[in-house]
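Below you'll find the structure, written out as structure tokens, and then a few comments.
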There are 2 protein chains.
Amino acid sequence: MVAQPRVLNYDSLPDHVKHCEYAVRGELYRAATERVAAGKEVIFTNVGNPHGLGQKPITFIRQVFALVSAPFLLEHPDVHRIFPRDVIARAKAYMKAAPGGIGAYSDSKGLPIVRQEFADFLQRRDGFGSDIDNIFLTNGASEAVRLGLTAMLRGPQDGILVPIPQYPLYSAAIELLSGSMVGYYLHEESGWSLDFEELERAVRDAKRQGVRVRGMVFINPGNPTGQCLSRQDLEGLVKFAYKHKLVLMADEVYQDNIYQTVRPFVSARHVALSMGAPYAQGLELATFHTASKGVYGECGFRGGVMELLNFDERVADELYKLASINLSPNVPGQVILGLMVNGPRPGDESYAQYAREKQDLLDSLRRRARAITDAFNSCEGIVCQETEGAMYSFPKITLPPAAMAAAKAAGKSPDVFYCLKLLETTGISTVPGSGFKQRDGTFHFRTTILPPESKFQDIIQRFLAFHSAFMAEYKGSTGHGTGARARL
Amino acid sequence: MVAQPRVLNYDSLPDHVKHCEYAVRGELYRAATERVAAGKEVIFTNVGNPHGLGQKPITFIRQVFALVSAPFLLEHPDVHRIFPRDVIARAKAYMKAAPGGIGAYSDSKGLPIVRQEFADFLQRRDGFGSDIDNIFLTNGASEAVRLGLTAMLRGPQDGILVPIPQYPLYSAAIELLSGSMVGYYLHEESGWSLDFEELERAVRDAKRQGVRVRGMVFINPGNPTGQCLSRQDLEGLVKFAYKHKLVLMADEVYQDNIYQTVRPFVSARHVALSMGAPYAQGLELATFHTASKGVYGECGFRGGVMELLNFDERVADELYKLASINLSPNVPGQVILGLMVNGPRPGDESYAQYAREKQDLLDSLRRRARAITDAFNSCEGIVCQETEGAMYSFPKITLPPAAMAAAKAAGKSPDVFYCLKLLETTGISTVPGSGFKQRDGTFHFRTTILPPESKFQDIIQRFLAFHSAFMAEYKGSTGHGTGARARL
């Protein structure tokens, strides 16, 4: 007897499943994975995954976490030989507040003690506190974003404003929820800046196509673009969202990754609450944060959080209900998030080491951000805006006509073609700009700034040699040293 | 200036969001949470959350995990004073296989080392191995179930067979995905057994209503019903699913929680693969497992897994793409799952303690399952099928007419009314049967068997006193000692 054809085949999948794309783990990632399987070297600069590239965790965070993981160690006679006093105290505080420890489901919004730590953090950061009822801990900020979008999208008539370029979670999640992504272009030449006329254009065009925009995403610092918004930009955003009756979604997961001093990070929440009526009481704002970025880089823990400002209580209740279907976010990630926003204070035994580890990492990231941007801008055919923040560099590449033709012949988008060649030649795994969306006719790629400094110059040299050879192959030029420099 | 009305209000939420229900964290849970906030005692028997009720983690698992959490301890001179040799070796093996440790994103399907551990476990359990490409690690089995359903449901024309009573994840997820739940009733009086005529009826009725059934869920051991399926039942299920072209979803998360010896756990995967052609090669089977149940109870880690048998490769690729939108499942949960399926072996330093801890827990669960069923069956108006497996007891209550009238007057379903009274009087938090669906006109509630044995008799006595008083109030009887006993 021959088995019947598969019940579930590609053609019978839902359209929204087939159509959604997620380039960070797309064709380039698969090609990189195949290289690894073939025993070849790959430098994974495709995902902001610091520990995956050798970054060490912050000692204090993992010390507390180890004790929470194995609470029987708290009673061990040798515990003081290994763990500082403030670490032991923090672990005991978590275990007291959550008697089942990290092996028990928490409330579907997360452990109250961690939500309170996050509320206190918001008070210190913004000058305005929060209530733990407004705080949802999640499996990574991605899950929080999807939770918020689930409440906003009834079908293709509902739109969400998303920057272009964007982090592809947004396009993928909106597609999966059968909503409409309404793109607004950032202005590359002026450092990927916000353009309010462009925002108005996007809303207008959507309306013309029967799409009512209900929400707006912005990413500050930008991913993949690295720009930092000014307070003035944020005030404009708050007014724009309020005027157009949009729920504002503030993706601020890179708030600790700031590499310039002109525009320090300011949260949309602080700005909105400082603006007074009607914005402070009227703007519906969802704020996202994570333990995966900053100098912590605890991606594997999937510790995300969402705070809701001015949300209708019944809507928040429905979000709570949705969260409850998964019972609880993972509890280890909650603890890591709590430790991130509530580190040791001056005077604590662990403070000096903690502060030094954080500062060293931030300084190193700043040096790497600068080095990589400079390297790109030294290349013919590449213009790269400054990485003011976040963990990425997003250069624009102008390929010679012969390279464009070769890409076409290979059936690839030019940026995919370029990135595949880069991977094959150097082992450097990047993400083509098309995965983030980009202005038609322009091509980019995204790389993280995360390879360790010990290997950084080598990676840059490999890249420069590749690019030179690539340009020489398709143009007959040496391709190095003549590139225009972007505004810095 | 007065703020405008909220952009996002209850009326403007998507219908599927408003309509979905999740009773395990529903009205009773909220009432319980309010009691806690008011400083009153609550015994949370509403969720299968062993550590939340005081169960201790298995030492070996947490020892390895603590070292993986703080890998710098591996180099500490005192590490051998605290950790056994096999624990240290296992931690080193994980760190070697995943150099970024638990702070790095894994592949979107999870760490290859853990997927291999699970594949090896399947080989030992079923006599048939798997390929790690078919294995997806997830944030709890709930996420895996939702992932599978996402691929199957295009709209209300697509149906999924779900047992009644069911675990409400299924009804909620199907509603959220705009599919149709097609219920099939389990036969309570014969121990919640499967009834193949009833299954045929369900498919037929669905078809009549324009619903094409594409998948079928079964839960073995049952939740909330506690029954264990025989090999014969499973063979019937495999044939039924194959005949009707259904993807079979095997919710086997309670496979280690077996309290009788007549029907030891047999996996659907073993049965299907043992049946030969066309089933072994033709049945599309998704198998779910978790670290949250068994004797481990590591709910907080949200370590789930799904294995796909005979799935179309392109469908599996699309599931991989969907998983990748969230980048990676939480990595701590992956490690816990790996440790669960790959514990110490005889001869290892940790083996004796590990085996003893597991056996003690299982013995204790078995005693508690029996004690609670017996107590329920000693009550007038209560009939409770044996808890053969899983972590729940699901008694049927027959309320006196006066209680039915009082419930109606209070605007509550009779089972909700009863459970709220139970909570108010005793602090025992249960879930009304309506949350799981039940035959019209019958009423049940679910309680876990998880309160610690030191408190178990006290809780049972409290329940018996409550039920006696409840029956006396509404019936004028003493209500105790006259109940019919169920088949045991």
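So you know, we letter chains A, B, ... as the sequences are listed, proteins then strands, and number each from 1. What you see is a predicted model, and the numbers here were worked out from it, not measured in a lab.
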What's the spacing between [X] [atom1] and [Y] [atom2] if we round to 0.5 Å?
| X | Y | atom1 | atom2 | result |
| --- | --- | --- | --- | --- |
| Phe83(A) | Leu73(B) | CZ | CG | 4.5 Å |
| His16(B) | Thr150(A) | NE2 | OG1 | 7.0 Å |
| Ser12(A) | Asp158(B) | OG | CG | 8.5 Å |
| Lys56(A) | Phe72(B) | NZ | CZ | 11.0 Å |

Can you name the closest pair of heavy atoms from [X] and [Y] and give their distance?
| X | Y | result |
| --- | --- | --- |
| Ile102(B) | Phe65(A) | CD1-CE2, 4.5 Å |
| Pro14(B) | Ala151(A) | CD-O, 3.1 Å |
| Gly300(A) | Pro332(B) | O-CD, 3.4 Å |
| Leu8(A) | Arg214(B) | CD1-NH2, 3.7 Å |

Less than 4.5 Å to any heavy atom of chain B: does that hold for the side chain of [X], its backbone, both, or neither?
| X | result |
| --- | --- |
| Val47(A) | side chain |
| Ser292(A) | side chain |
| Asn139(A) | side chain |
| Ser106(A) | backbone |
| Asn310(A) | both |
| Glu284(A) | side chain |
| Phe44(A) | neither |
| Tyr170(A) | neither |
| Pro71(A) | side chain |

Just wondering, do [Y] and [X] contact through their side chains at under 4.5 Å, heavy atoms?
| X | Y | value |
| --- | --- | --- |
| Cys299(A) | Val331(B) | no |
| Leu176(A) | Ile325(B) | yes |
| Tyr320(B) | Tyr22(A) | no |
| Pro77(A) | Arg81(B) | no |

> Which is it for Val315(A) and Leu13(B) under the side chain to side chain contact (heavy atoms under 4.5 Å, CB included) test, yes or no, and what are the steps along the way?
Replying inline: CA-CA 8 Å; Val315(A) 170; Leu13(B) 291 173; 4.2 Å; yes
For [X] and [Y], indicate whether the former's side chain and the latter's backbone hold a donor-acceptor pair under 3.5 Å.
| X | Y | result |
| --- | --- | --- |
| Arg6(B) | Glu313(A) | no |
| Lys321(B) | Lys18(A) | yes |
| Arg302(B) | Leu327(A) | no |

> In terms of side-chain heavy atoms, does Tyr29(B) have a donor or acceptor partner in Asp107(A) at a distance below 3.5 Å?
Replying inline: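 Yes - a donor-acceptor pair under 3.5 Å links their side chains.
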> Between Ser142(A), Ala66(A), Ser324(A), Ala141(A), which has the largest tally of heavy atom pairs under 4.5 Å with chain B?
Replying inline: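 Going by pairs under 4.5 Å, I would pick Ser324(A).
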> Given the options Glu21(A), Arg62(A), Gln334(A), Met152(A), which has more heavy-atom pairs under 4.5 Å with chain B than any of the others?
Replying inline: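 Top option by heavy-atom pairs under 4.5 Å: Arg62(A).
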For chain A, which candidate among [options] shows the most heavy-atom pairs at distances under 4.5 Å?
| options | result |
| --- | --- |
| Gly100(B), Ser178(B), Pro168(B), Gly303(B) | Gly100(B) |
| Leu246(B), Leu169(B), Asp15(B), Asn9(B) | Asn9(B) |
| Ala291(B), Pro50(B), Gly103(B), Ala104(B) | Gly103(B) |
| Arg146(B), His76(B), Glu143(B), Arg30(B) | His76(B) |
| Ser108(B), Gly101(B), Ala70(B) | Ser108(B) |
| Pro99(B), Ala172(B), Gly52(B), Ser328(B) | Ser328(B) |

